[in-house]
Amino acid sequence: MATILDLAHRNELHKIIPKLSRRKQEERSIYVSSALKEWILRVLPTKESDWKLELSPLEQFAALANDFAAGQFLTYKLDFLPLRHVEDGIWELKTGDLRLFGWFPAKDCFIAHRLEMTTHIKEHKLYFGMAGEVATYRNNLELDEPKFISGVNPNDVVSNFHF
Amino acid sequence: MTSFQISISDSRTVATRFISRVRREIHKALTEESRKRGLTQSDIAREIGVHRSVISRELRGQKDISLGRVGEIAHALGRDPEFFLREDEIDYASNFRPETFKIVIDGGTTSKAAVLEPPKGLRAA
């Protein structure tokens with residue numbers, strides 16, 4: 001079994017280094033799986049906003065990662081949400097165009113395994129499948145127990161948020 | 001360990017940060033006003049004269065919020081938006097090199113204090 005840092009050193013998990021303003025320091029962290037890292041580097045830059053937004057999906061993801069890491073105020077349901085009735089402890093972080101699926105092994109620490117355009121997910125009814133994939137990946141990851149924070153209470157998984 | 005950073009330019013990083021900050025401030029203010037006086041997205045939409053779904057999409061990040069709309073929403077929230085461009089100061093704390101600082105001993109008071117003066121062009125963070 002291994003800690004998150006052990007898995008990062010083994011290159012099984014990859015930490016997103018945020019771009020923070022000079023007055024901010026890192027208060028939360030996001031790690032991604034190797035498969036997701038490849039998707040972010042290869043596929044995400046090719047995506048265009050389905051809502052014709054000023055920010056491209058890549059820029060939206062950068063904003064999400066930076067704001068999350070900076071400990072910015074999050075709004076429950078608008079910024080993050082548990083996937084209830086699917087798998088225990090699976091959460092999504094949201095932008096206008098994107099849904100990032102993962103779990104919290106500890107408060108303010110998010111491990112993500114799938115990222116996809118929201119319209120694609122909704123058109124093809126992929127929520128259950130995405131959550132299932134993340135749960136399978138999580139179950140197979142050699143992470144020390146307990147691997148995730150169970151339940152749907154946002155107070156357990158992030159600080160500095162409001163309903 | 002292969003940590004990585006999302007590759008967008010510095011100027012776009014500042015742009016994304018600003019857009020995000022505006023939306024978060026609106027969320028925060030709406031939450032506060034909702035708690036204080038039960039204000040809803042529908043109330044805001046009615047005040048502005050648009051359908052509730054428009055406000056909902058703007059708050060969810062599925063529609064860009066124009067500067068004018070920021071003002072309208074602020075007004076509906078009973079708030080006054082402010083905007084300023086802060087000078088991009090160098091954080092000399094991170095560039096601190098002791099040999100570049102001049103130590104001034106204040107001998108005019110009973111307690112002597114060493115004051116570090118940064119070189120010209122650098123200001124305290």
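Convention: sequence-line order gives letters A, B, ...; per-chain numbering from 1.
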Okay, Leu58(A) and chain B: the region with an atom under 4.5 Å from a heavy atom over there is both
Among Lys52(A), Lys94(A), Lys37(A), Gln72(A), single out the residue with the greatest number of heavy-atom pairs under 4.5 Å to chain B. Lys37(A)
Less than 4.5 Å to any heavy atom of chain A: does that hold for the side chain of Arg23(B), its backbone, both, or neither? neither
Where on Phe163(A) is there a heavy atom nearer than 4.5 Å to chain B: the side chain, the backbone, both, or neither? backbone
Contacting region of Arg17(B) [heavy-atom separation from chain A under 4.5 Å]: side chain
For Asp88(A) and Ser150(A), does a side-chain donor sit closer than 3.5 Å to a side-chain acceptor? yes
May I ask you to decide if Pro18(A)'s main-chain N or O and Asn66(A)'s side chain share a donor-acceptor pair within less than 3.5 Å? no
Side chain from CB out, backbone as N, CA, C, O: work out which of these in Ser21(A) comes under 4.5 Å of a heavy atom of chain B, or both, or neither. both
Chain A contact via Arg21(B) - side chain, backbone, both or neither, heavy atoms under 4.5 Å: neither
Ring centroid separation for Phe73(A) and His27(B), is it under 6.0 angstrom? no
Measuring heavy-atom distances to chain B, does Leu74(A) have an atom under 4.5 Å in its side chain, in its backbone, in both, or in neither? both
At a heavy-atom separation under 4.5 Å, does Ile8(B) approach chain A through its side chain, its backbone, both, or neither? both
Taking side chain as everything from C-beta outward and backbone as N, CA, C, O, which of these in Leu20(A) sits under 4.5 Å from a heavy atom of chain B? Side chain, backbone, both or neither. backbone
Counting heavy-atom pairs under 4.5 angstrom with chain B, the leader among Thr118(A), Thr75(A), Leu44(A) is Thr75(A)
Options Leu78(A), Asp50(A), Leu53(A), Ile16(A), ranked by heavy-atom pairs under 4.5 Å with chain B, top entry: Leu53(A)
Do Glu32(B) and Arg79(B) meet the salt-bridge criterion of a basic N to acidic O distance under 4.0 Å? yes
Contacting region of Ser34(B) [heavy-atom separation from chain A under 4.5 Å]: neither
Is the closest basic N to carboxylate O distance between Asp67(A) and Arg24(B) below 4.0 Å? yes
Start with the C-alpha distance between Asp64(B) and Arg69(B), add both sets of side-chain angles, then the distance that settles salt bridge (charged side-chain N to carboxylate O under 4.0 Å, His left out), and finish with yes or no. CA-CA 10 Å; Asp64(B) 288 325; Arg69(B) 180 54 52 82; over 6 Å; no
Given side chains that start at C-beta, do those of Phe110(A) and Phe68(A) come closer than 4.5 Å, heavy atoms only? yes
Carboxylate-amine/guanidinium contact Arg10(A) Glu142(A), below 4.0 Å: yes
Testing Asp97(A), Thr119(A), Thr95(A) one by one against Ser49(A) for a side-chain hydrogen bond (donor to acceptor under 3.5 Å, both in side chains), which residue passes? Asp97(A)
Applying a strict 4.5 Å limit to non-hydrogen atoms, the region of Ser9(B) in contact with chain A is backbone
